[in-house]
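For reference, the structure discussed in these notes is given below.
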Amino acid sequence: MLQVQFIRDNKEEVIKRLKVRNIDASSLIGQVIVLDEERRSLQTKLDNTLAESNKLSKEIGAHFKSGAIDKANALKAQTGELKEASKTYNEQLNEKTEALTALLYQIPNVPHPSVPDGKSDEDNEEIYKEGDVPTLHGDALPHWELAKKYDIIDFDLGAKITGAGFPVYKGKGARLQRALIAYFLDKNTQAGYKEYQVPHMVNEASGYGTGQLPDKEGQMYHVGADDLYLIPTAEVPVTNFFRDEILNEADFPICCTAYTPCFRREAGSYGAHVRGLNRLHQFDKVEIVRVEHPDNSYKAFDGMLEHVKEILRELKLPFRILRLCGGDLTFTAALTFDFEVYSTAQERWLEISSVSNFENYQANRLKLRYKDENGRSVLAHTLNGSSLALPRVLAGILENCQTPEGIKIPEVLVPYTGFDMIS
RNA sequence: GGAGAAAUGGCAGAGUGGUCGAAUGCGGCAGUCUUGAAAACUGUUGAGGGUCACACCUCCGGGGGUUCGAAUCCCUCUUUCUCCGCCA
């Protein structure tokens with residue numbers, strides 16, 4: 001969430017920049033400022049009451065010690081009123097604080113100045129394109145047909161044992177998945193990201209920390225008996241490593257990578273665009289997460305883009321990069337670039353990576369800070385990106401690398417798969 | 001799953017109702033000494049709110065309670081450790 005202090009100091013700027021997201025936040029912002037003033041005024045009243053009460057208690061103690069029981073009891077009689085007052089102030093203060101927090105949760109991150117206006121994904125700006133779209137043979141198939149033809153992904157079997165959106169990978173398909181995971185992790189660790197294996201369920205506090213809760217509750221699978229959530233992305237457990245931490249400047253940069261399955265309920269999304277691997281309830285992803293000094297976060301962001309580019313280049317997949325417009329930007333991000341691979345057989349672009357800088361928006365929820373040179377606690381910046389999401393990369397490979405003889409495995413993956421052709 | 005013990009500042013560890021935001025040691029930082037370093041010595045060193053700055057307030061695993069007053073007593077939750085059971 002945004003810092004109240006920041007909102008107070010930059011009221012007009014915040015409203016102006018939130019307009020890029022097509023929202024008029026002026027009323028929300030106004031309420032925040034009023035509530036914060038009320039909150040602080042109550043805090044002062046409470047503090048003063050408590051101060052008086054503390055003072056009396058000390059005097060009572062002193063009187064008891066010196067044997068002046070009468071004086072002590074006389075003072076005791078005075079404390080009741082103060083106690084009542086502080087109780088009332090405290091309740092009011094809690095109400096205000098809760099109301100303020102609830103409001104702050106409703107305000108999305110302020111977009112970076114470079115974020116273009118726009119309403120939907122159609123307004124995203126293509127800023128980069130690389131790779132040649134292959135010319136496929138006449139019988140080219142979409143990946144779900146190829147998956148069936150070569151018996152490498154079984155959607156029906158997944159539906160039988162679990163439900164729609166939970167595919168079973170078989171034989172060379174399973175091996176190719178494992179190869180991609182290993183390859184991505186190797187690329188990431190070579191680039192300086194530290195590898196982690198993390199729990200696939202998180203508690204409520206972690207959900208709040210990265211912003212899945214309270215708003216997107218319905219998008220996560222919830223295990224009621226133990227009140228845990230299946231992670232929708234490794235971003236959640238990894239970023240929450242740093243919840244309530246105070247780092248040193250020397251700790252930067254912090255670069256993490258983790259492979260996890262990702263679970264998403266994706267309620268209400270059906271139709272042609274979710275066919276096959278395009279949208280799943282469970283999929284695999286290798287994620288990169290960075291915690292950075294605010295001065296360095298955009299440089300780190302560029303570095304992440306280059307890193308993802310390098311991987312796609314090695315896989316020889318045609319891709320483009322989009323700068324998301326205000327309307328398509330996720331709630332917590334200040335700037336997001338999406339990577340899309342061109343699916344030749346489907347004749348459409350598939351999103352395979354999303355790289356975002358959250359600036360200090362997540363850090364404020366997480367209370368993730370560092371000590372600056374003056375010894376002050378300052379919020380750090382967090383960033384993350386997919387490097388990469390498996391299903392659509394797999395779809396891209398299957399569709400773009402198909403030949404009449406079979407699927408030709410990209411060269412860099414062959415050491416991982418142990419085969420160069422699926423036929 | 002059953003029985004018991006515990007949770008205090010970066011770490012270790014005192015503190016069982018008032019003068020405790022908290023002894024002491026280690027670590028960190030600054031200084032003295034030194035050509036420099038080490039050692040020694042001196043000082044300093046948790047977080048949040050609040051203020052122009054002070055003052056002041058809150059925080060001793062989380063939440064609630066008793067009391068004029070709680071790190072200290074009570075309830076509850078969580079976590080850790082030991083023993084038993086089960087188990088990949």
Side-chain angles (χ1 to χ4, degrees), chain A residues 1-9 32-101 103-104 197-209 213-214 222-229 237 240-252 254 291 360 362-380:
Chain A
M1 58 187 165
L2 296 176
Q3 295 180 98
V4 177
Q5 183 71 48
F6 179 79
I7 293 174
R8 258 196 277 160
D9 296 345
V32 164
I33 290 172
V34 170
L35 264 177
D36 182 56
E37 271 164 20
E38 290 173 351
R39 200 211 90 232
R40 279 184 295 152
S41 135
L42 275 168
Q43 178 84 59
T44 307
K45 282 182 188 167
L46 175 64
D47 285 358
N48 291 339
T49 312
L50 288 174
E52 207 170 320
S53 173
N54 288 343
K55 210 174 119 204
L56 274 180
S57 289
K58 278 185 185 163
E59 284 175 27
I60 292 169
H63 285 316
F64 272 129
K65 210 155 239 183
S66 67
I69 309 292
D70 291 350
K71 283 187 180 171
N73 284 328
L75 286 179
K76 242 182 175 179
Q78 292 180 35
T79 58
E81 208 176 305
L82 287 173
K83 223 176 160 183
E84 273 309 306
S86 67
K87 201 176 160 191
T88 311
Y89 286 141
N90 199 25
E91 278 165 11
Q92 291 174 347
L93 180 65
N94 286 341
E95 272 172 37
K96 293 290 176 198
T97 308
E98 272 170 37
L100 182 61
T101 307
L103 276 187
L104 288 171
Q197 283 204 4
V198 297
H200 298 166
M201 294 190 200
V202 292
N203 56 28
E204 194 181 43
S206 294
Y208 275 94
L213 297 173
H222 182 222
V223 182
D226 295 292
D227 199 17
L228 295 172
Y229 295 88
N240 273 284
F241 288 169
F242 306 100
R243 170 151 51 85
D244 295 321
E245 290 294 325
I246 300 178
L247 306 166
N248 297 311
E249 288 204 39
D251 296 330
F252 295 126
I254 294 175
V291 181
N360 66 20
Q362 271 186 337
N364 193 30
R365 279 202 190 186
L366 290 161
K367 294 207 195 70
L368 163 53
R369 295 152 296 172
Y370 68 94
K371 285 269 180 219
D372 72 5
E373 59 222 0
N374 302 316
R376 302 182 77 94
S377 298
V378 182
L379 292 174

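All values below were derived from every heavy atom in this structure, side-chain atoms included, with hydrogens, water molecules and symmetry-related copies excluded.
- Qualifying ring pair (Phe, Tyr, Trp, His ring centres under 6.0 Å) partners for A:Tyr370, counting only residues two or more places apart in sequence or in other chains: A:Phe252, A:His293.
- The same atom, C1', is picked in B:C74 and in B:G10; the two are 33 Å apart, to the nearest Å.
- Counting only residues at least two apart or in different chains, salt bridge (charged side-chain N to carboxylate O under 4.0 Å, His left out) contacts with residues 79-99 of chain A comprise A:Glu38-A:Lys96.
- Summarising the base pairing, B:U79 is matched to B:A6 through a Watson-Crick or G-U wobble pair whose two defining distances lie under 3.5 Å.
- Here the separation of B:U66 from B:A71, taken at their P atoms, is 16 Å to the nearest Å.
- Close to B:A47, at under 4.0 Å from its OP1 or OP2, lies no side-chain N or O of A:Lys367.
- The same atom, P, is picked in B:G17 and in B:G65; the two are 23 Å apart, to the nearest Å.
- Between A:Leu56 atom CG and B:C68 atom P the separation is 13 Å, expressed in whole Å.
- Rounded to whole angstrom, the span from the CD atom of A:Gln5 across to the P atom of B:C52 amounts to 11 Å.
- Contacts of A:Asp70 classified as side chain to side chain donor-acceptor pair (under 3.5 Å), with partners at least two apart in sequence or in another chain: none.
- Remark: the separation of the C1' atoms in B:G4 and B:G50 is 45 Å, to the nearest Å.
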Scan nucleotides 53-59 of chain B against the protein and return all N/O pairs shorter than 3.5 Å with their distances rounded to 0.1 Å.
from	atom 1	to	atom 2	distance (Å)
B:C57	OP1	A:Asn54	ND2	3.1
B:C57	O2'	A:Asp47	OD1	2.9

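- Across the protein-nucleic acid pair, A:Glu245 atom CD and B:G10 atom P stand 10 Å apart, rounded to whole Å.
- Pairing for B:G18 goes to B:C68, judged as Watson-Crick or G-U wobble with the two contacts each under 3.5 Å.
- Atom CG in A:Leu100 sits 10.5 Å away from atom CD1 in A:Ile33 (nearest 0.5 Å).
- Remark: A:Leu366 CG to A:Phe242 CZ distance equals 10.0 Å, nearest 0.5 Å.
- Within the nucleic acid shown, A:Arg369 comes within 4.0 Å of sugar-phosphate atoms alone, with no base atom in reach, counting heavy atoms only.
- Applying the salt bridge (charged side-chain N to carboxylate O under 4.0 Å, His left out) test to pairs two or more places apart or on separate chains, none has a residue in residues 42-52 of chain A.
- For RNA chain B, the neighbouring residues in residues 68-82 of chain A, judged by any heavy atom under 4.0 Å, are A:Lys76, A:Thr79.
- Rounding to whole angstrom units, NZ of residue A:Lys58 and C1' of B:G17 are separated by 15 Å.
- The two residues A:Val291 and A:Leu368 come nearest to each other via the heavy atoms CG1-CD2, 3.8 Å.
- With sequence neighbours left out, A:Tyr89 forms a ring pair (Phe, Tyr, Trp, His ring centres under 6.0 Å) with no residue at all.
- For the atom pair NZ (A:Lys55) and CG (A:Leu75), the distance works out to 10.5 Å, reported to the nearest 0.5 Å.
- Nucleotides B:G63 and B:U78 place their C1' atoms 10 Å apart, quoted to the nearest Å.
- Residues that satisfy the ring pair (Phe, Tyr, Trp, His ring centres under 6.0 Å) test with A:His222, not counting sequence neighbours, are A:Tyr229.
- Contact annotation: the side chain of A:His63 never approaches that of A:Ile69 to less than 4.5 Å [non-hydrogen atoms, C-beta and beyond].
- Straight-line distance from the CD atom of A:Glu249 to the P atom of B:C29: 15 Å, rounded to whole Å.
- Using a 4.0 Å heavy-atom criterion, one finds that A:Ser377 contacts the sugar-phosphate atoms exclusively.
- Taking a 4.0 Å limit (strictly below) on heavy-atom distances, residues 84-92 of chain A does not reach RNA chain B anywhere.
- Within the 3.5 Å criterion, the main-chain N or O of A:Thr49 finds no donor-acceptor partner in the side chain of A:Ser53.
- Within the structure, every side-chain polar atom (N or O) of A:Arg39 is placed at least 4.0 Å from both OP1 and OP2 of B:G49.
- For the C1' atom pair drawn from B:G2 and B:C86, the interatomic distance equals 12 Å after rounding to whole Å.
- Atom CG of A:Asp36 is separated from atom P of B:U51 by 9 Å (rounded to the nearest Å).
- Remark: B:C11 base-pairs with B:G25. Criterion, Watson-Crick or G-U wobble with two distances under 3.5 Å.
- Taking a pair to require two hydrogen-bonding distances under 3.5 Å in either a Watson-Crick or a G-U wobble arrangement, B:G31 pairs with B:C41.
- A:Asn360 places no side-chain N or O within 3.5 Å of a backbone atom of A:Asn364 that could act as its donor or acceptor partner.
- When both pairing distances are held under 3.5 Å, B:G85 makes no Watson-Crick or G-U pair with any nucleotide shown.
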Sub-3.5 Å pairs of nitrogen or oxygen atoms, protein against nucleotides 70-80 of chain B:
none

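- Here the CG-CD distance, from A:Leu50 to A:Gln43, works out to 9.0 Å after rounding to the nearest 0.5 Å.
- Base pairing of B:C52: no nucleotide in any strand meets the Watson-Crick or G-U wobble criterion (both distances under 3.5 Å).
- Note: A:Phe241 CZ to A:Ile254 CD1 = 11.0 Å, rounded to the nearest 0.5 Å.
- Side chains of A:Asn203 and A:Ser206: a donor on one and an acceptor on the other come within 3.5 Å.
- When rounded to the nearest whole Å, the span between CG of A:Asn248 and P of B:U45 equals 18 Å.
- For A:Leu2 against A:Ile7, the heavy-atom pair with the smallest separation is CB-CD1, 3.9 Å.
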Is there any protein nitrogen or oxygen under 3.5 Å from a nitrogen or oxygen in nucleotides 85-88 of chain B, and what are the pairs?
none

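- The CZ-P distance, from A:Arg376 to B:G46, rounds to 15 Å in whole Å.
- Here the side chain of A:Ser41 pairs no donor or acceptor atom with the backbone of A:Glu37 at under 3.5 angstrom.
- Look at B:C59: its Watson-Crick or wobble partner, with both distances under 3.5 angstrom, is B:G46.
- Separating the P atom of B:G46 from that of B:A7 is a span of 23 Å, rounded to the nearest Å.
- Qualifying salt bridge (Lys or Arg N to Asp or Glu O under 4.0 Å) partners for A:Arg369, counting only residues two or more places apart in sequence or in other chains: none.
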